[in-house]
Amino acid sequence: MRLIFMGTPDFAVPTLLEIIGRDHEVAAAYTRAPKPAGRGMELQVTPVEREARRFGIPVLTPKTLRTDEALEAFRAHKADAAVVVAYGLILPVPILEAVPLGCFNLHASLLPRWRGAAPINRAVMAGDAESGVMVMRMAEGLDTGPVAMAERLPIGADMTAGELHDALAPLGADLMVRALGALERSTLQLAPQSGEGITYAAKIDKSETRIDWGKPWKAVHDHCRGLSPFPGAWFELPGAQPARVKVLRTTRGEGSGVPGTVLDDSLTIACSEGAVRLLEIQRAGKQPMKAEDFLRGTAVAPGTRLS
């Protein structure tokens with residue numbers, strides 16, 4: 001089929017590559033405009049743009065799809081359908097109706113749970129036992145369209161959001177090309193989403209990232225792994241110049257005490273109920289490191305209170 005691909009981050013790249021590998025014709029790739037990043041604040045193209053240009057696919061980076069010009073440009077590709085994976089812009093109804101077979105979105109949750117911007121993070125932060133990917137035909141509204149296909153994936157007890165992301169991306173790519181194959185054969189079946197169990201995965205706000213040791217160990221553990229590796233849950237290490245430290249990996253610890261208190265020489269931290277042991281951390285401006293390596297260069301005595 002002749003397709004338009006719309007996506008931005010790394011998560012979308014496996015789907016784009018799988019579509020190309022199945023000999024579909026990608027008429028254009030829509031992605032977000034380059035943004036300044038790094039120490040030099042040089043403009044960085046998105047992962048989707050980088051891969052699309054590697055295959056000679058025309059790339060468009062409109063700021064909005066709500067203008068007549070954007071609609072005409074979209075129609076001009078004369079595509080059969082559009083594939084959307086973590087694009088980042090709302091598709092208005094005229095765009096959704098501009099391709100004859102429709103726009104199909106790959107969403108990283110088991111809809112209707114975790115509609116919205118950050119389904120992977122929210123699922124882990126909530127301590128969900130499983131996640132998955134779904135292909136849905138897009139409709140007006142936030143992730144409300146009928147579902148075509150789904151794949152489930154268990155979330156391990158210590159799995160981070162980054163690990164779940166990396167597991168779901170190829171799973172979703174395979175699911176999307178299977179859905180496109182059924183669409184091409186006119187055998188794709190759609191089912192409306194349930195009206196029960198609807199939750200929303202709001203974008204992660206910086207105000208949510210600081211660790212609250214006053215919560216039970218499981219909540220602290222889920223918070224840390226749900227924000228790992230980005231944006232990262234963090235605490236402040238006391239000292240003459242308090243240092244911000246990100247926590248990238250934790251597990252259940254032994255012991256109890258005043259929340260935020262270091263309990264031993266292995267960076268076990270007391271919570272309101274139980275404790276967590278820090279396994280991998282990252283100081284500001286430094287590379288991630290194992291807790292034991294961190295302790296070789298930084299003294300954190302038992303009894304220290306973290307904030």
Side-chain angles (χ1 to χ4, degrees), residues 9-11 37-39 47 118 120-129 131 153-170 204 206-307:
D10 286 321
F11 186 81
R39 290 185 178 181
I120 294 176
N121 300 95
R122 296 296 179 187
V124 178
M125 292 170 74
D128 288 2
S131 181
L153 185 75
I155 301 176
D158 290 343
M159 179 181 272
T160 66
E163 290 167 339
L164 180 58
H165 168 284
D166 292 349
L168 290 178
I204 303 297
K206 289 182 179 179
S207 64
E208 300 178 76
T209 56
R210 188 166 192 159
I211 298 171
D212 181 359
W213 304 109
K215 292 183 177 180
W217 81 267
K218 181 66 165 58
V220 174
H221 173 61
D222 292 341
H223 180 246
C224 292
R225 66 194 184 100
L227 295 176
S228 175
F230 182 84
W234 60 276
F235 64 87
E236 275 193 347
L237 188 65
Q241 293 184 328
R244 179 177 291 200
V245 180
K246 284 186 180 182
V247 177
L248 303 179
R249 192 175 297 277
T250 63
T251 192
R252 186 173 188 173
E254 297 296 329
S256 61
V258 177
T261 302
V262 179
L263 298 178
D264 57 21
D265 294 323
S266 300
L267 278 185
T268 300
I269 316 300
C271 303
S272 67
E273 176 188 311
V276 295
R277 185 158 65 90
L278 311 189
L279 301 178
E280 185 177 353
I281 57 182
Q282 182 179 15
R283 290 189 73 152
K286 304 293 184 180
Q287 292 296 313
M289 63 178 63
K290 302 295 184 183
E292 56 265 31
D293 296 330
F294 174 81
L295 289 172
R296 289 192 185 100
T298 305
V300 184
T304 300
R305 289 286 299 276
L306 307 181
S307 60

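Numbers for residues simply follow the sequence, beginning at 1. These numbers come from a predicted model, not from an experiment.
For K215, the NZ atom counts as loosely surrounded, since its 6.0 Å shell holds 12 or fewer non-hydrogen atoms of other residues, nucleotides or ligands.
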Assess whether side-chain contact (heavy atoms from CB on, under 4.5 Å) is satisfied between Q282 and M289, documenting all intermediate values. CA-CA 6 Å; Q282 182 179 15; M289 63 178 63; over 6 Å; no
Determine whether H165 and N121 satisfy the following criterion, side-chain hydrogen bond (donor to acceptor under 3.5 Å, both in side chains), listing intermediate values before the conclusion. CA-CA 9 Å; H165 168 284; N121 300 95; over 6 Å; no
Apply salt bridge (Lys or Arg N to Asp or Glu O under 4.0 Å) to the pair R210 and E236, showing each step before the final yes or no. CA-CA 9 Å; R210 188 166 192 159; E236 275 193 347; 3.8 Å; yes
What do the steps show when you test D293 against K290 for salt bridge (Lys or Arg N to Asp or Glu O under 4.0 Å), and what is the final call? CA-CA 5 Å; D293 296 330; K290 302 295 184 183; over 6 Å; no
In sequence, state the C-alpha distance, the side-chain angles, and the governing distance for I269 and W213, and then conclude on side-chain contact (heavy atoms from CB on, under 4.5 Å). CA-CA 8 Å; I269 316 300; W213 304 109; 3.6 Å; yes
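Taken to the nearest 0.5 Å, the CZ atom of R249 stands 12.5 Å off from the CZ atom of R277.
Pairing each heavy atom of L278 with each of T250, the nearest pair is CD2-CG2, 3.8 Å. Minimum interatomic distance between G253 and T268 (heavy atoms only, all atoms of both residues): CA-CG2, 4.1 Å. Between G274 and W217 the shortest heavy-atom distance is C-CB, 4.0 Å. Contact between D265 and L295 at its shortest, heavy atoms only, is O-CD1, 3.2 Å. Closest non-hydrogen pair, I211 versus A233, comes out as CG1-CB, 3.8 Å. Taking all atoms of both residues into account, the shortest heavy-atom contact from M125 to E208 is CE-OE1, 4.3 Å.
With hydrogens and angles ignored, the 3.5 Å screen pairs no side-chain donor or acceptor of K246 with any backbone N or O of P288.
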